[in-house]
Amino acid sequence: MDLAFSADDLRFRDDVRAWIAENFDPKLKAMQAQSKNGYLDKDAMVAWQKKLYERGWVAPDWPVEHGGPGFTATQRYIFNMEMASAGTPATSPMGLKMVAPVLMAFGSDAQKAQHLPPILRSDIWWCQGYSEPGSGSDLASLQMKAERDGDHYVLNGSKIWTTHAQWADWMFCLVRTSQEKSRQEGISFVLVDMRTSGITVQALPTLDGPLEGQQEVNQVFFDNVRVPVANRIGEEGKGWTYAKYLLEFERGNAYAPGLKTALAKAKRLAQYEGVANDPDFARKVAELEIRIAALDATELRIFSSLSSGKSVGAASSMLKCAGTDTQQAISELALEAVGLYAAPFVADTWAELQGRSNAPRPGPEYAAPIAPAYFNYRKTSIYAGSNEIQRNIMAKLVLGL
Ligand SMILES: Cc1cc2nc3c(=O)[nH]c(=O)nc-3n(C[C@H](O)[C@H](O)[C@H](O)COP(=O)(O)OP(=O)(O)OC[C@H]3O[C@@H](n4cnc5c(N)ncnc54)[C@H](O)[C@@H]3O)c2cc1C
């Protein structure tokens, strides 16, 4: 197998590198280095996405007809690899990578025209309303009611763990339109304007520290929220099919490029702190390097088969488990690398020390986000369908158990 890039691919790689050097400026780099969850604040994320949009690269997976760049599979790989290697900020996935493919596949022409252009320009922010209290892994048990009243649905219930709902203009939402049909057939997929009256967004505190600026998850309450029937995607009662289609995109990420960058950072931290040559630490680094190399090869194989029009299918579950297990292992290694310096950054202690004049520095700046990131990354094996559930899916679809 010839893994060398063609001359055109190398030119494309140089273009991407040059663009990153020009646009990923020191201020953004500093913000990104202090992020505990990979996200910037909303203004900074939108500004970054708009820069990518102007270059035509904000939606690397979109087809050309909807404003995508028309990358080949190799270009997409190079683009993702260069962005991840440089440690550029994440784009918000809910619009660009989740609801957009569903709109393209199942939306009406009017829905595509209304939503796809502003998603591409990052003029509107989306959130995902799937999970409910009591309905996470067993998503088909969801209870949020949508009762028909003329040309509207009336929504009552709540959604939980809704990432960045506090910033969202729109939510794509699974609702129960029928109690009589089977659990799956009673579900519909609707688009909800978050400015509709009756919606309340409440922040959920998480293990990783104070909410200010980096609030991530919320509970969203719906009290007689009127949503036009015209905002339903596809057919009533077919929401489960569209929801599952979306989940393939949510889970079908390339993890290896970002993992290489994260591991390189953990190795740098270990050098600053003098633990890089500790045999036990070095062994863990070697094990992770091997895991990442194996994942990289698997991703290349899977994504090249996608270019021939196949869907990701159960492979997305495999990538999700392997990618997120490794993310967590690297966050544990980084914690080990900074050792005691992680401890003073427990939020209250940090705030208290900052408040005192001539307070001792609790540790080097590079150690500041390590413990919050460690706690934050516990989420990766839970969200997008927990890794236990992904293993069940693989057992059923791949092994036929
Ligand atoms: C940071 C974060 C962001 C999120 N963002 C969103 C979002 O934007 N929108 C959204 O809709 N949801 C979001 N989620 C919710 C996420 O999808 C759910 O947390 C996830 O599906 C698990 O559901 P649950 O929390 O109800 O846990 P449960 O389903 O109660 O599971 C609890 C534990 O039991 C295990 N378990 C459950 N059933 C089985 C089984 N059959 N076999 C083996 N093990 C099982 C699970 O793996 C888990 O370890 C987010 C979650 C997190 C943590």
Open item on the list: Would you call the rings of W19 and W48 parallel, tilted or perpendicular, taking 30° and 60° as the class edges?
Closed with: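 Correct class here is tilted.
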
Report yes if some heavy atom in the side chain of [X] is under 4.5 Å from a heavy atom in the side chain of [Y]; otherwise report no.
X: L96; Y: W62; answer: yes
X: F189; Y: V175; answer: no
X: Y272; Y: R268; answer: yes
X: H152; Y: V227; answer: no
X: L295; Y: L319; answer: yes
X: I330; Y: L259; answer: yes
X: E82; Y: I20; answer: yes
X: H115; Y: W170; answer: yes

Open item on the list: If you apply the rule side-chain contact (heavy atoms from CB on, under 4.5 Å), what do you find for L333 with L263, and how did you get there?
Closed with: CA-CA 8 Å; L333 197 72; L263 185 59; 3.8 Å; yes

- [ ] Answer yes or no for K159 and F222: cation-pi contact, defined as NZ/CZ to six-membered ring centre under 6.0 Å and angle to ring axis within 45°.
- [x] no

Task: Aromatic Y377 / basic K379 pairing, under 6.0 angstrom, 45° off normal - done: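 Output yes; distance and angle both within limits.
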
Between atom [atom1] of [X] and atom [atom2] of [Y], what is the distance when rounded to the nearest 0.5 Å?
X: N80; Y: M83; atom1: CG; atom2: CE; answer: 9.0 Å
X: Q114; Y: L103; atom1: CD; atom2: CG; answer: 9.5 Å
X: N224; Y: E147; atom1: CG; atom2: CD; answer: 9.0 Å
X: L52; Y: N23; atom1: CG; atom2: CG; answer: 8.0 Å
X: Q166; Y: K42; atom1: CD; atom2: NZ; answer: 9.0 Å
X: L204; Y: I160; atom1: CG; atom2: CD1; answer: 5.5 Å

Are a donor atom and an acceptor atom from the side chains of [X] and [Y] found within less than 3.5 Å of each other?
X: R226; Y: Y153; result: no
X: S135; Y: S141; result: yes
X: E236; Y: S188; result: no
X: N376; Y: E216; result: yes
X: N387; Y: T324; result: yes
X: Q128; Y: T163; result: no
X: D296; Y: T298; result: no
X: S6; Y: D9; result: yes

Considering only NZ, NE, NH1 and NH2 on the basic side and carboxylate oxygens on the acidic side, decide whether [X] and [Y] come within less than 4.0 Å.
X: R378; Y: E332; value: yes
X: K29; Y: D25; value: no
X: K50; Y: E54; value: no
X: D8; Y: R11; value: yes
X: K267; Y: E289; value: yes

Are more than 12 heavy atoms, taken from residues, nucleotides or ligands other than [X], located less than 6.0 Å from that residue's [atom1] atom?
X: R195; atom1: CZ; value: no
X: K51; atom1: NZ; value: yes
X: W161; atom1: CH2; value: no

Short side-chain to backbone donor-acceptor contact, [X] and [Y], under 3.5 Å:
X: E299; Y: A256; value: yes
X: R176; Y: L142; value: yes
X: E132; Y: Q143; value: yes
X: S331; Y: Q328; value: yes
X: R183; Y: E185; value: no
X: Q184; Y: G239; value: no
X: S108; Y: Q111; value: yes
X: Y245; Y: A105; value: no
X: T177; Y: G186; value: yes
X: R391; Y: I393; value: no

TODO: Start with the C-alpha distance between S158 and Q219, add both sets of side-chain angles, then the distance that settles side-chain hydrogen bond (donor to acceptor under 3.5 Å, both in side chains), and finish with yes or no.
DONE: CA-CA 7 Å; S158 91; Q219 184 162 5; 2.9 Å; yes

Open item on the list: Evaluate D61 against K97 for salt bridge (charged side-chain N to carboxylate O under 4.0 Å, His left out), listing each step before the verdict.
Closed with: CA-CA 8 Å; D61 306 321; K97 295 182 187 155; 5.8 Å; no

TODO: Decide side-chain contact (heavy atoms from CB on, under 4.5 Å) for V99 and L191; before the verdict, give the C-alpha distance in whole Å, the side-chain angles of both, and the deciding distance to 0.1 Å.
DONE: CA-CA 9 Å; V99 75; L191 309 180; 4.1 Å; yes

- [ ] Apply side-chain contact (heavy atoms from CB on, under 4.5 Å) to the pair E336 and L269, showing each step before the final yes or no.
- [x] CA-CA 9 Å; E336 217 175 287; L269 293 172; over 6 Å; no

Task: Intermediate values then yes/no, side-chain hydrogen bond (donor to acceptor under 3.5 Å, both in side chains), N37 and D208 - done: CA-CA 9 Å; N37 53 18; D208 53 11; 5.5 Å; no

- [ ] For salt bridge (charged side-chain N to carboxylate O under 4.0 Å, His left out), just list the numbers for R291 and E287, CA-CA rounded to whole Å, side-chain angles, deciding distance to a tenth of an Å, and then say yes or no.
- [x] CA-CA 6 Å; R291 265 162 79 171; E287 275 174 13; over 6 Å; no

Ring centres under 6.0 angstrom apart ([X], [Y]):
X: W126; Y: H164; result: no
X: W57; Y: F79; result: yes
X: F12; Y: F5; result: no

- [ ] Could you walk me through whether N231 and V192 pass side-chain contact (heavy atoms from CB on, under 4.5 Å), step by step?
- [x] CA-CA 7 Å; N231 286 9; V192 182; over 6 Å; no

Task: For the student: nearest non-hydrogen atoms of G70 and V64, plus distance - done: CA-CG2, 3.4 Å

- [ ] Please name the residue in the list V201, D169, V225 that meets the side-chain contact (heavy atoms from CB on, under 4.5 Å) test with M194.
- [x]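 With M194 as partner, V201, D169, V225 yield a single side-chain contact (heavy atoms from CB on, under 4.5 Å), made by V201.
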
